[in-house]
Protein chains: 2
Amino acid sequence: MKLESALLTNFILSTVPISSIEAREITNSFQPMKLKKGDFLLRETHISDDYIYLEKGLMRTFVHDLDGNEITTDFFLENSMVFEVTSFFNGVRSEANIQAITHCTGFRLSYQELNKLFHQKSAFRDFGRAILVKAFMASKKRNYRMINRTAEQRYRELLSTSPQIFHYAPLKHIASYLGITDSTLSRLRRK
Amino acid sequence: MKLESALLTNFILSTVPISSIEAREITNSFQPMKLKKGDFLLRETHISDDYIYLEKGLMRTFVHDLDGNEITTDFFLENSMVFEVTSFFNGVRSEANIQAITHCTGFRLSYQELNKLFHQKSAFRDFGRAILVKAFMASKKRNYRMINRTAEQRYRELLSTSPQIFHYAPLKHIASYLGITDSTLSRLRRK
DNA sequence: ACAATTTCTTGCTTTATGTCAAGAAATGTT
DNA sequence: AACATTTCTTGACATAAAGCAAGAAATTGT
């Protein structure tokens with residue numbers, strides 16, 4: 001048994017009610033991977049083949065808007081799953097980039113490996129579905145917050161739930177994630 | 001074979017590459033259902049047990065914000081799947097309501113039935129996952145639009161992609177969906 | 001350690017959207 | 001048909017956030 005994967009096994013067990021043996025089997029299907037700060041896990045126009053458990057580090061997804069500006073659409077904290085749903089599950093070219101904000105370590109599954117597990121192991125089916133549901137829920141919550149919270153409230157919420165992000169990510173990434181300009185974010189910070 | 005389910009079978013076949021026989025088997029697991037205009041498929045605080053193919057009609061999801069106002073978070077057009085992901089898949093009380101805007105007809109699966117199919121039929125696994133992925137993609141796109149489009153652009157986009165909504169839904173539902181007030185929407189319409 | 005680059009702050013001005021309120025139009029009910 | 005209710009429009013005013021620009025501070029590369 002690989003020592004490094006204990007965090008992943010715990011993550012799986014905390015996600016879905018399966019046995020430790022099943023969780024360890026799933027863990028062992030993943031392969032270790034790492035990224036240096038600034039490295040890309042995925043570049044736009046490429047096809048994603050990475051379904052990642054991020055053990056340590058911080059990552060972000062960003063897209064380019066019509067004027068060529070980067071818009072950060074998601075931050076990924078450690079002890080969570082990282083994947084670009086559209087490109088990974090549909091095998092199409094990605095419009096999004098995924099980049100390491102800090103040095104990152106984690107574990108990886110390819111689409112082929114994931115599919116094999118998905119059809120063979122009922123425990124993995126439940127896990128995979130739970131991960132999809134969780135990410136979908138997070139996206140819906142984000143939508144809702146954009147509508148019924150002010151920029152300042154969104155800022156405060158992010159600050160209190162994910163202070164790590166403020167420690168490592170530049171303001172412009174955070175600002176575009178919050179849907180405001182970096183000038184506005186700078187002013188919010190002063191308060 | 002039930003005549004009414006041909007649209008659902010076609011929908012399944014257009015979603016995922018499986019055989020007609022498999023699609024028809026899946027179709028036959030669903031039970032017909034209908035709702036009158038204004039009826040609720042789901043009320044907040046209840047637990048959703050409905051995974052619906054909406055064959056005909058128009059529905060919406062809404063939540064209440066802190067001031068008690070209704071915020072429409074989604075419209076469902078005909079020939080699509082309708083479900084409240086959080087409550088349905090996690091078996092928790094819903095914060096959202098799902099309401100029929102027009103008379104609706106469709107086909108239903110309970111969570112128990114869905115799970116049985118999910119673990120028994122690989123064709124259904126692929127379908128179920130594709131539906132989750134599609135809904136998740138739509139949510140991400142919506143997030144992105146809220147950040148990098150003006151209210152007017154979002155209005156025009158909705159108008160051109162889903163004119164049915166404007167035919168049946170009152171302005172205040174559409175306005176809250178777009179993240180603006182009904183006054184602002186009224187002014188946008190004038191143009 | 002220095003220069004180059006990027007990030008952050010701040011002031012001024014403009015614009016989009018919200019708030020409140022009132023009346024008109026449409027819709028539903030008996 | 002008459003009334004009640006809801007929906008839609010419009011005006012006057014307030015405000016949050018954007019746009020632009022310049023300088024200060026921090027970070028990075030050599």
Side-chain angles (χ1 to χ4, degrees), chain A residues 36-40 58 60 62 64-72 75 97 99-103 143-159 163-191, chain B residues 36-40 58 60 62 64-72 75 97 99-103 143-159 163-191:
Chain A
K36 287 199 284 289
K37 175 177 176 176
D39 280 357
F40 282 77
L58 180 63
R60 67 169 183 134
F62 68 92
H64 287 284
D65 72 9
L66 302 167
D67 304 326
N69 307 308
E70 289 183 3
I71 302 201
T72 295
F75 289 104
N97 304 269
Q99 186 180 29
I101 292 175
T102 65
H103 180 80
N143 270 319
Y144 180 55
R145 293 299 194 230
M146 288 303 295
I147 288 180
N148 81 125
R149 291 282 195 273
T150 64
E152 181 171 352
Q153 290 171 325
R154 295 196 300 274
Y155 159 72
R156 288 185 191 285
E157 204 164 306
L158 187 67
L159 185 57
Q164 317 95 298
I165 293 175
F166 290 83
H167 189 37
Y168 295 110
L171 279 202
K172 60 179 179 183
H173 295 169
I174 299 169
S176 68
Y177 177 75
L178 293 172
I180 59 180
T181 60
D182 46 348
S183 304
T184 299
L185 179 53
S186 178
R187 291 185 175 101
L188 289 178
R189 262 155 54 102
R190 192 170 16 159
K191 300 213 253 183
Chain B
K36 290 200 282 286
K37 175 178 175 175
D39 279 357
F40 283 76
L58 180 63
R60 70 170 183 129
F62 69 92
H64 287 285
D65 71 10
L66 301 168
D67 305 325
N69 306 308
E70 289 182 6
I71 301 199
T72 296
F75 288 104
N97 303 270
Q99 185 180 31
I101 292 175
T102 64
H103 181 79
N143 270 320
Y144 180 56
R145 293 299 195 232
M146 288 302 296
I147 287 179
N148 82 122
R149 292 282 195 273
T150 63
E152 180 170 354
Q153 290 171 323
R154 296 197 301 272
Y155 160 71
R156 289 185 191 285
E157 203 164 305
L158 188 67
L159 185 57
Q164 317 94 298
I165 292 174
F166 290 83
H167 188 37
Y168 294 110
L171 280 202
K172 62 179 178 183
H173 295 169
I174 299 170
S176 68
Y177 177 76
L178 292 172
I180 59 181
T181 60
D182 45 350
S183 306
T184 299
L185 179 53
S186 178
R187 291 186 174 102
L188 289 177
R189 263 155 53 102
R190 192 168 20 159
K191 299 213 252 183

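Quick note on labels: first sequence line is chain A, next is B, and so on, each numbered from 1.
Atom OH of A:Y168 is separated from atom C1' of C:dT6 by 20 Å (rounded to the nearest Å). The nearest whole Å value for the distance from the CD1 atom in A:I180 to the C1' atom in D:dA18 is 11 Å. A:L171 has its CG atom 12 Å from the P atom of C:dT10, to the nearest Å. One atom, CG of A:L188, and another, P of C:dT9, lie 11 Å apart when rounded to the nearest Å. As a whole-Å value, the separation of B:D67 CG from C:dC20 C1' is 15 Å. Atom pair A:F166:CZ and D:dA26:P shows a separation of 19 Å (rounding to whole Å applied). Atom CG in B:D182 sits roughly 15 Å away from atom P in C:dA21 (whole-Å rounding). The distance from atom NZ of B:K36 to atom C1' of C:dG28 is 17 Å, rounded to the nearest whole Å.
Base engagement by A:S186 is indicated by at least one non-hydrogen atom pair under 4.0 Å involving a base atom. The residue A:G38 sits apart from the nucleic acid: no heavy atom pair falls under 4.0 Å.
The structure places CG of B:L159 at 10.5 Å from CG of B:L188, a figure rounded to the nearest 0.5 Å. Rounding to the nearest 0.5 angstrom, the gap separating the CG atom in A:L171 from the NE2 atom in A:H173 is 10.0 Å.
Put simply, the side chain of A:R187 and the base of C:dG11 share a donor and an acceptor less than 3.5 Å apart. In the interface, the side chain of A:S183 is paired with the base of C:dT10 through a donor and an acceptor atom under 3.5 Å apart.
Between A:R149 and B:L185, the residue anchored nearer the 5' end of DNA chain D, judged by the nucleotide with its closest heavy atom, is B:L185. In terms of position along DNA chain C, the nucleotide closest to B:T181 lies nearer the 5' end than the nucleotide closest to the other residue of the pair B:T181 and B:K37.
Side-chain rings of B:F75 and B:F166 stay apart, their centers remaining 6.0 Å or farther from each other.
Phosphate proximity of D:dC8 to B:R189: absent, as no side-chain N or O sits under 4.0 Å from OP1 or OP2. Phosphate proximity of C:dG18 to B:T184: present, with a side-chain N or O under 4.0 Å from OP1 or OP2. The phosphate of C:dA16 (OP1 or OP2) has no side-chain N or O of B:K191 nearer than 4.0 angstrom.
Residue-environment remark: OH (B:Y168) stays at or below the threshold of 12 foreign heavy atoms within 6.0 Å.
Put simply, the residue from B:H64, B:Q99, B:R60 that forms a side-chain hydrogen bond (donor to acceptor under 3.5 Å, both in side chains) with B:E70 is B:R60.
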